[in-house]
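See below for the structure under consideration.
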Amino acid sequence: MAAVDSFQLLYRQIARTCNTYIEALAIVGAWYVTRKSICLICDFYNMVRLHFVPRLVSRRDLMKRFGKWALVTGGADGIGKAYAEELACQGINLILISHDRSKLEATATAISDMFNVETIIIEADFTRGREIYQPIREALKDKEIGILVNSVDVPYEHPQSFFNMSEDKLWDLINVNIAATNMMIHILLPGMIERNKGAIVNISSGSSCKPSPQMAMYSSTKMYLDHFSRALHFECAPKGIFVQSLLPFHVKTNTVMYTDGFSINSWLAPSANVYAHHAVSTLGVSHRTSGYWMHSIQFLFAQYMPEWLWVWGVTLMNNRLCRKAAHES
């Protein structure tokens with residue numbers, strides 16, 4: 001009888017202890033679900049505030065807020081060109097930098113004729129490294145540039161493994177995707193701080209939100225830009241400088257060659273002009289955004305997606321693109 005009483009006592013003690021743990025786990029689970037729900041609601045609210053509310057009000061006067069001159073690197077093509085046109089549409093004069101003089105001249109002439117703004121071109125090949133920046137500094141010393149858009153980059157012709165990349169390609173990615181942004185900011189930031197106003201837009205990439213196999217170098221350079229922009233924002237905001245990190249996903253441009261023939265719906269991959277129109281509306285509103293409403297949804301899913309699932313999906317897509325590139329070559 002004593003043994004039975006002892007077992008019943010032990011059972012009651014274990015049951016009481018388990019109930020305590022279950023209650024604690026329930027509280028932790030409820031806190032986790034509540035926290036994630038609040039984050040999701042906040043993300044949805046921010047997306048509506050950023051991408052849809054501005055459509056209901058008049059556009060902000062970027063010239064009055066930041067200045068009458070803007071400089072766009074990579075401004076002869078792609079997102080850079082489209083972004084420059086959006087700024088010119090608001091009466092902002094432009095300085096365009098690219099390595100292709102003929103494209104620069106054609107773009108500058110077209111923008112000047114269409115929007116009646118001043119345009120200046122600077123031919124510079126950022127792959128050459130440090131030697132090009134002193135001439136750029138000299139050309140800009142008398143200009144009060146209020147907006148700097150760092151759009152220039154070196155894309156992949158197609159996804160490829162890191163060990164298959166040439167040394168020249170690696171240096172181009174470093175010199176253009178990283179060094180060019182840092183040096184252009186270093187040249188123009190002192191003037192912005194002196195005037196206590198200005199905006200810096202660094203175009204990163206949605207591929208930087210998680211590790212992307214077969215795009216390791218490119219996505220890593222873009223991750224650098226994102227982290228650098230976010231840190232610089234906190235440094236410069238008290239001085240009146242707005243720093244924005246743009247993280248677009250697929251945008252249909254002539255420079256993104258490895259998406260040719262890869263079927264993507266237009267609402268997932270907008271044209272450069274559509275993307276730039278949306279992205280400019282976020283300038284001065286959000287210091288970190290995908291710039292386009294559908295890309296913001298993609299970025300939101302990517303943030304909550306398990307890393308293994310992202311890697312699996314990227315690997316599957318990039319393998320398909322690699323096979324297509326190999327077949328075409």
Side-chain angles (χ1 to χ4, degrees), residues 71-81 83 96-100 103 122-133 136 148-187 200-232 243-260 262 272 290-291 302 310-311 314-315 317-319 321-322 324-326 329:
L71 186 150
V72 183
T73 65
D77 207 351
I79 294 176
K81 177 183 176 182
Y83 205 108
L96 305 177
I97 301 182
S98 180
H99 69 283
D100 191 326
K103 280 188 177 182
I122 299 176
E123 182 182 4
D125 184 356
F126 289 105
T127 63
R128 292 168 56 189
R130 191 171 182 175
E131 66 183 70
I132 69 166
Y133 293 103
I136 292 176
L148 168 62
V149 182
N150 286 304
S151 174
V152 66
D153 75 342
V154 172
Y156 278 19
E157 289 78 10
H158 56 80
Q160 58 182 312
S161 299
F162 178 79
F163 59 83
N164 286 331
M165 297 180 65
S166 67
E167 186 175 333
D168 288 341
K169 184 71 170 184
L170 294 178
W171 278 114
D172 287 349
L173 284 161
I174 293 170
N175 285 330
V176 179
N177 292 16
I178 295 178
T181 294
N182 284 260
M183 290 305 300
M184 293 307 302
I185 293 173
H186 196 264
I187 291 171
I200 298 169
V201 181
N202 297 325
I203 300 183
S204 178
S205 170
S207 66
S208 68
C209 62
K210 278 185 169 59
S212 300
Q214 299 179 16
M215 293 181 63
M217 186 68 181
Y218 179 82
S219 63
S220 296
T221 62
K222 293 300 184 177
M223 180 178 288
Y224 169 86
L225 289 184
D226 181 40
H227 282 254
F228 171 67
S229 302
R230 292 157 67 186
L232 191 65
V243 182
Q244 184 184 60
S245 175
L246 276 181
L247 300 117
F249 282 82
H250 285 293
V251 176
K252 293 178 181 176
T253 69
N254 294 332
T255 57
V256 185
M257 291 171 285
Y258 60 82
T259 59
D260 290 347
F262 192 72
S290 292
W310 169 276
V311 170
V314 168
T315 301
M317 181 183 70
N318 286 343
N319 284 339
L321 292 170
C322 284
K324 179 180 182 296
S329 62

**Asked** Quick one: CG on Leu247 to OG on Ser208, what's the gap to the nearest 0.5 Å?
**Response** 5.0 Å

**Asked** Can Arg230 and Asp226 be counted as an ion pair, charged N to O under 4.0 angstrom?
**Response** yes

**Item:** Closest non-hydrogen atom pair between Ser204 and Met223, with its separation
**Value:** OG-N, 4.4 Å

**Prompt:** Do Tyr218 and Asp153 come within less than 4.5 Å of each other through their side chains, counting heavy atoms only?
**Reply:** yes

**Request:** Could you tell me which non-hydrogen atom of Val72 sits nearest to which non-hydrogen atom of Gly80, and how far apart they are?
**Result:** CG1-O, 3.5 Å

**Complete:** Taken to the nearest 0.5 Å, the spacing of Leu71 CG from Ile136 CD1 works out to 8.0 Å

**Prompt:** Can a donor-acceptor pair be found between the side chains of Ser229 and Asn202 at a distance below 3.5 Å?
**Reply:** yes

**Message:** Nearest 0.5 Å, please: how far is CD1 in Ile79 from NZ in Lys81?
**Reply:** 13.5 Å

**Prompt:** Going by an N to O cut-off under 4.0 Å, is there a salt bridge joining Lys169 and Glu157?
**Reply:** yes

**Minimum side-chain heavy-atom gap Asn177-Met217 below 4.5 Å** = no

**Prompt:** Which value, rounded to the nearest 0.5 Å, describes the distance between Asp172 atom CG and Arg128 atom CZ?
**Reply:** 12.5 Å

**Prompt:** Within a radius of less than 6.0 Å around CD of Glu167, do more than 12 heavy atoms belonging to other residues, nucleotides or ligands occur?
**Reply:** no

**Prompt:** Do the side-chain N and O atoms of Tyr224 and Asn182 include a donor-acceptor pair separated by under 3.5 angstrom?
**Reply:** yes

**Pairwise side-chain contact, Leu246 with Tyr83, heavy-atom cut-off 4.5 Å (strictly under)** = yes

**Prompt:** Is there a donor-acceptor pair closer than 3.5 Å between any side-chain N or O of Asn318 and the backbone N or O of Pro213?
**Reply:** yes

**Side chain proximity check, Asn150 to Ile203, heavy atoms < 4.5 angstrom** = no

**Prompt:** Do Thr221 and Ser219 have side chains that get closer than 4.5 Å, going by heavy atoms?
**Reply:** no

**Message:** Do Phe126 and Asn175 make a side-chain contact, defined as non-hydrogen atoms from C-beta onward lying under 4.5 Å apart?
**Reply:** no

**Prompt:** Between the side chain of Ser98 and the main-chain N/O of Gly74, is any donor-acceptor distance below 3.5 Å?
**Reply:** no

**Request:** Kindly compute the distance separating CG (Leu225) from NE2 (His227), expressed to the nearest 0.5 Å.
**Result:** 10.5 Å

**Message:** Just by distance, no angles: are the side chains of Asp125 and Thr127 close enough, under 3.5 Å, to form a donor-acceptor pair?
**Reply:** yes

**Asked** Is the closest side-chain heavy-atom distance between Val149 and Thr73 below 4.5 Å?
**Response** no

**Request:** Could you tell me which non-hydrogen atom of Ala76 sits nearest to which non-hydrogen atom of Lys103, and how far apart they are?
**Result:** CB-CB, 3.8 Å

**Request:** Assign the ring pair Phe249 / Trp310 to parallel, tilted or perpendicular, where the plane angle (0 to 90°) is split at 30° and 60°.
**Result:** perpendicular

**Ile97 vs Met184 side-chain heavy atoms within contact, under 4.5 Å** = yes

**Prompt:** Quick check: does any side chain N or O of Ser212 sit under 3.5 Å from a backbone N or O of Lys210, one acting as donor and the other as acceptor?
**Reply:** yes

**Asked** Can a donor-acceptor pair be found between the side chains of Asn319 and Gln214 at a distance below 3.5 Å?
**Response** yes

**Prompt:** Taking the side chain from Ser161 and the backbone from Phe163, do they hold a donor-acceptor pair closer than 3.5 Å?
**Reply:** no

